[in-house]
Structures are given as C-alpha cells and as structure tokens.
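In what follows, a structure is listed as structure tokens, so that the remarks can point back to it.
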Protein chains: 2
Amino acid sequence: MQMTPMIESFVYHFGEMGSRWGFNRTVGQIYALLVISEQPLCANEIGELLGISRGNVSMGLKELGSWQLVQVSHKPGERREFYHSRGSIWDMANRVFEERRKREMDPTLSLLRDIMMDEAANPEEAFAQKRIAEIHDLLENITEWTQSLQSLSPEKLNTLMKLGSGVGKVLEFTDKFLGKKDPAKQA
Amino acid sequence: MQMTPMIESFVYHFGEMGSRWGFNRTVGQIYALLVISEQPLCANEIGELLGISRGNVSMGLKELGSWQLVQVSHKPGERREFYHSRGSIWDMANRVFEERRKREMDPTLSLLRDIMMDEAANPEEAFAQKRIAEIHDLLENITEWTQSLQSLSPEKLNTLMKLGSGVGKVLEFTDKFLGKKDPAKQA
DNA sequence: CTGAACTTTCAGAAATTTCTGAAGTAATAA
DNA sequence: TTATTACTTCAGAAATTTCTGAAAGTTCAG
C-alpha cells in the first residue's frame with residue numbers, strides 16, 4: 001500500500017469527517033485506509049502510512065473494533081495481525097447508525113422519559129415538560145423508524161431510496177386504494 | 001426562569017448531546033434553555049442561568065443564529081434583545097439536518113466526485129476508486145432521499161414514520177398492483 | 001524457560017477547542 | 001454631547017481531547 005495523492009486526500013478528508021460521526025480524526029483515517037486497501041494491513045504499516053505512533057494505532061483499532069467495523073486476519077507463518085474493513089458499504093453505514101443510536105439516542109430518550117414521569121413543580125416546569133414530551137416523541141419516532149428501515153432488505157431499501165419524494169405518491173395511492181383503511185395499521 | 005433540578009438535567013444532557021450534532025456544549029445548553037422557556041430570555045439571564053460569561057453567550061447565540069434556530073424579539077421600552085427558539089420541533093430537526101448536510105455531506109460528495117474523475121495511476125488506486133465510488137453512491141442516495149423526505153408535508157412524513165417496516169409491505173403491494181412497472185420510475 | 005516479535009496500556013506532552021473578561025462598538029436618552 | 005446600557009470581538013487562559021513512547025503484557029518457537 002502506498003500513499004498516493006489521491007489516497008491521501010481521501011484518507012485525510014475521511015479523517016475530518018470521521019470526527020463528525022462519533023470517532024476522532026485518527027480513527028477515521030485508519031478506517032479510510034482499511035476501506036480502500038484491497039490487502040489487509042498490519043498495525044505497523046498503518047502507523048507508517050499515517051505518520052502516527054504505534055500506540056495510537058492500537059487505540060484506534062480498538063475503537064474501530066468496538067464499532068465492529070474491522071476484521072482481524074492472519075497470514076500463515078506470520079505472528080502479527082492484519083486488519084481489514086468489515087462488510088459492505090451498506091453494512092458499515094448500518095453499523096455506524098446502530099452504534100450512534102445506542103450511544104446517543106437511547107440515553108437521551110431514557111432521560112427524557114424520566115423527566116416526563118416527574119411531577120411539574122410549577123407552571124414553568126409544566127411548560128418545559130410539554131416541550132420535552134414533544135422532543136421525546138420526535139426522537140422516538142425517528143429512532144423506531146430508522147430501526148425498522150434497517151430491518152428492511154437492502155433491495156427494498158434501495159427501491160425506497162430511489163422513490164425519493166415519490167414515496168408521497170405511493171402513500172396517496174395506497175391510501176386511495178385501501179379506502180377506509182388507515183395505512184398506519186398496515187405495519 | 002429558574003434552574004430547577006428537572007430543567008438542569010435536561011439542559012446539561014442536551015449540552016452533551018448538542019456536541020454530537022455539530023455544536024459545542026454551551027451552544028447546546030443555550031438552545032435547550034431557549035426551547036423549554038416559555039418566555040424569551042435576554043443574554044444576561046442566559047449567562048447567569050448557565051454560569052457562563054457574557055461573551056460566551058454572545059458567541060453561542062451567534063452560532064445558533066447561523067443555524068437559524070433562534071428568534072430575536074424586543075420588549076417595548078427595553079433596549080436589550082430577547083431570544084427564543086424558532087419554529088416547531090419538526091422545524092428544528094429539519095434545520096439541523098439541513099445544516100449538517102450542507103456542512104458535512106456536500107463537501108464530502110464533492111471531494112469523492114473529484115477523486116472519481118481522476119485517472120487511476122495503478123491497480124491500488126483503481127481498487128480505491130471502486131470503493132470510493134460505492135461510498136459516493138451511498139452518500140448521494142442518502143442525501144437525495146433525506147432531502148426529498150424533507151420536502152414532504154409533515155403529515156405525510158408522520159404517516160411514513162408510523163408505517164415503520166410496514167413500508168416494505170406497501171412497496172410489495174405497489175409492486176404487485178403495478179405489475180411490470182418499476183416503482184423506482186414513479187418518482 | 002528464554003527470547004524475539006508483536007500488542008496494549010497509560011502517564012504525561014502536545015494539540016485543539018472552548019471560555020473569559022476587558023476593550024471596542026452601537027444605540028439611545030437626556 | 002455625554003452617560004448609560006447593551007452587544008460583539010478577540011487575545012490569551014483554561015479545559016479537554018488526542019497522541020506519543022516507554023514499560024508492561026502476550027504469544028509462541030526453540
């Protein structure tokens with residue numbers, strides 16, 4: 001594996017972006033490398049390619065492991081470990097969504113739920129609770145929906161994506177065809 | 001406005017979460033306050049409630065302004081400005097999505113597109129380009145899709161959300177009814 | 001058991017981000 | 001015009017995050 005300008009710009013940009021998706025720059029860069037390398041890489045090689053310390057590589061790989069984004073393999077006769085990205089692009093996106101949901105949405109929902117259970121001590125708190133309930137419902141909706149989308153087959157998901165705002169038309173159509181029936185009950 | 005334990009826990013948690021959504025802790029806290037306060041708040045009050053400096057409040061409000069998440073108002077006879085969160089919960093979520101798309105997805109897509117245009121200098125780069133194209137297509141799909149969802153009316157969006165994985169059934173059904181026609185073309 | 005090859009851990013260093021508060025700007029009333 | 005009140009900016013301080021590299025841990029062949 002060699003750091004050509006093309007690969008470099010991808011890796012660096014992915015590093016910046018990675019930090020938006022819940023992990024730091026280095027972790028993003030390591031992941032980018034593993035994704036675009038056909039051959040699995042060993043920790044030393046990763047460190048050299050990115051110009052970072054061996055310890056940092058180890059921590060980065062550990063983090064990626066906790067996201068279930070890397071696969072470890074061995075070459076016969078070699079003691080060291082080789083790393084590679086795991087699954088298809090879709091799988092990766094799914095993992096990142098899933099993991100972020102667990103780390104961010106779930107704790108928030110739980111906190112909001114707790115607050116909703118409390119008795120409001122004054123009108124200000126009562127108003128706050130109303131707003132908090134709205135936020136809770138929105139987040140819960142989004143969470144449940146994305147979860148159910150994740151359970152769809154990749155083909156269906158693709159159809160859905162390609163539909164775009166056409167989804168609106170399909171809904172109308174379904175609505176009309178089913179007459180009285182509420183499409184929400186179809187789930 | 002008073003900082004009761006309920007309000008405090010909401011504000012602090014929102015602060016932590018906020019940083020995941022593209023702004024820092026203080027900005028998240030300020031926003032949380034503005035969302036759950038029925039009355040608009042002035043900058044001084046915000047600073048006191050959160051125990052942060054006046055300058056920091058100013059910067060935070062500026063940031064929220066750039067996200068179009070706050071509304072400024074005035075009280076008759078008062079010189080100072082009062083701030084309040086803007087729009088419904090749905091609007092807020094939309095703004096955050098929109099803004100993040102502009103700041104994160106668009107530059108990434110543009111970079112990936114550039115890389116795809118380059119001539120691969122060797123087999124390694126050729127492989128990298130294939131992967132990059134996959135990622136590009138995925139991101140583009142997601143971007144376009146979420147954009148078209150945002151253009152749906154809140155009611156339709158709600159129906160869609162409530163459908164959950166029932167979306168799969170609707171698709172099947174549409175598929176069957178339309179016979180040969182590819183639903184992807186319906187958009 | 002020993003030593004070589006490799007990985008992990010973690011205390012402190014370095015880099016980055018965020019925050020403060022004083023100085024500057026702006027608007028208004030008297 | 002001057003005094004007053006409020007908002008903004010930004011250099012440097014403080015806090016936080018990330019990274020390094022040495023030490024400790026692990027595995028395995030001989």
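Any value given below was found using the heavy atoms of this structure, including those in side chains, with hydrogens, waters and symmetry copies removed.
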Find the distance between CG (A:L111) and CE (B:M17) and round it off to the nearest 0.5 Å. 9.0 Å
Would you sort out whether B:E81 and B:Y83 count as a side-chain hydrogen bond (donor to acceptor under 3.5 Å, both in side chains), showing the intermediate values? CA-CA 7 Å; B:E81 300 181 310; B:Y83 302 89; 3.1 Å; yes
Between CD of A:E78 and P of D:dC28 the distance, given in whole Å, is 14 Å
How do A:R54 and B:V57 order along DNA chain C: which one's closest nucleotide is nearer the 5' end? A:R54
Return the set of residues passing side-chain contact (heavy atoms from CB on, under 4.5 Å) with B:S19 (not counting sequence neighbours), or none when no residue passes. none
NZ/NE/NH1/NH2 to OD/OE distance under 4.0 Å, B:R131 and A:E38: no
Does B:K62 make a side-chain N or O approach to OP1 or OP2 of D:dC7 shorter than 4.0 Å? no
Quick one: how far along DNA chain C does chain A reach, first to last nucleotide 5' to 3', anything under 4.0 Å to a heavy atom? C:dA4 to C:dC10
Quick one: B:R80 CZ to D:dT8 P, roughly how many Å, whole number? 14 Å
Drop me the distance from A:L49's CG to A:I30's CD1, to the nearest 0.5 angstrom. 11.0 Å
Start at the 5' end of DNA chain D and walk down; is the nucleotide closest to A:N56 or to B:N44 reached first? B:N44
Quick check for you: among D:dT4, D:dT8, D:dC28, whose closest atom lies nearest to any side-chain atom of B:S58? D:dT8
Which atom names give the shortest non-hydrogen contact between A:F127 and B:I36, and what distance separates them? CD2-O, 3.3 Å
Using heavy-atom distances to pick each residue's nearest nucleotide on DNA chain D, tell me which of A:R79 and A:N24 is more 5'. A:N24
Rounded to the Å, how far apart are B:K75 NZ and D:dA6 C1'? 15 Å
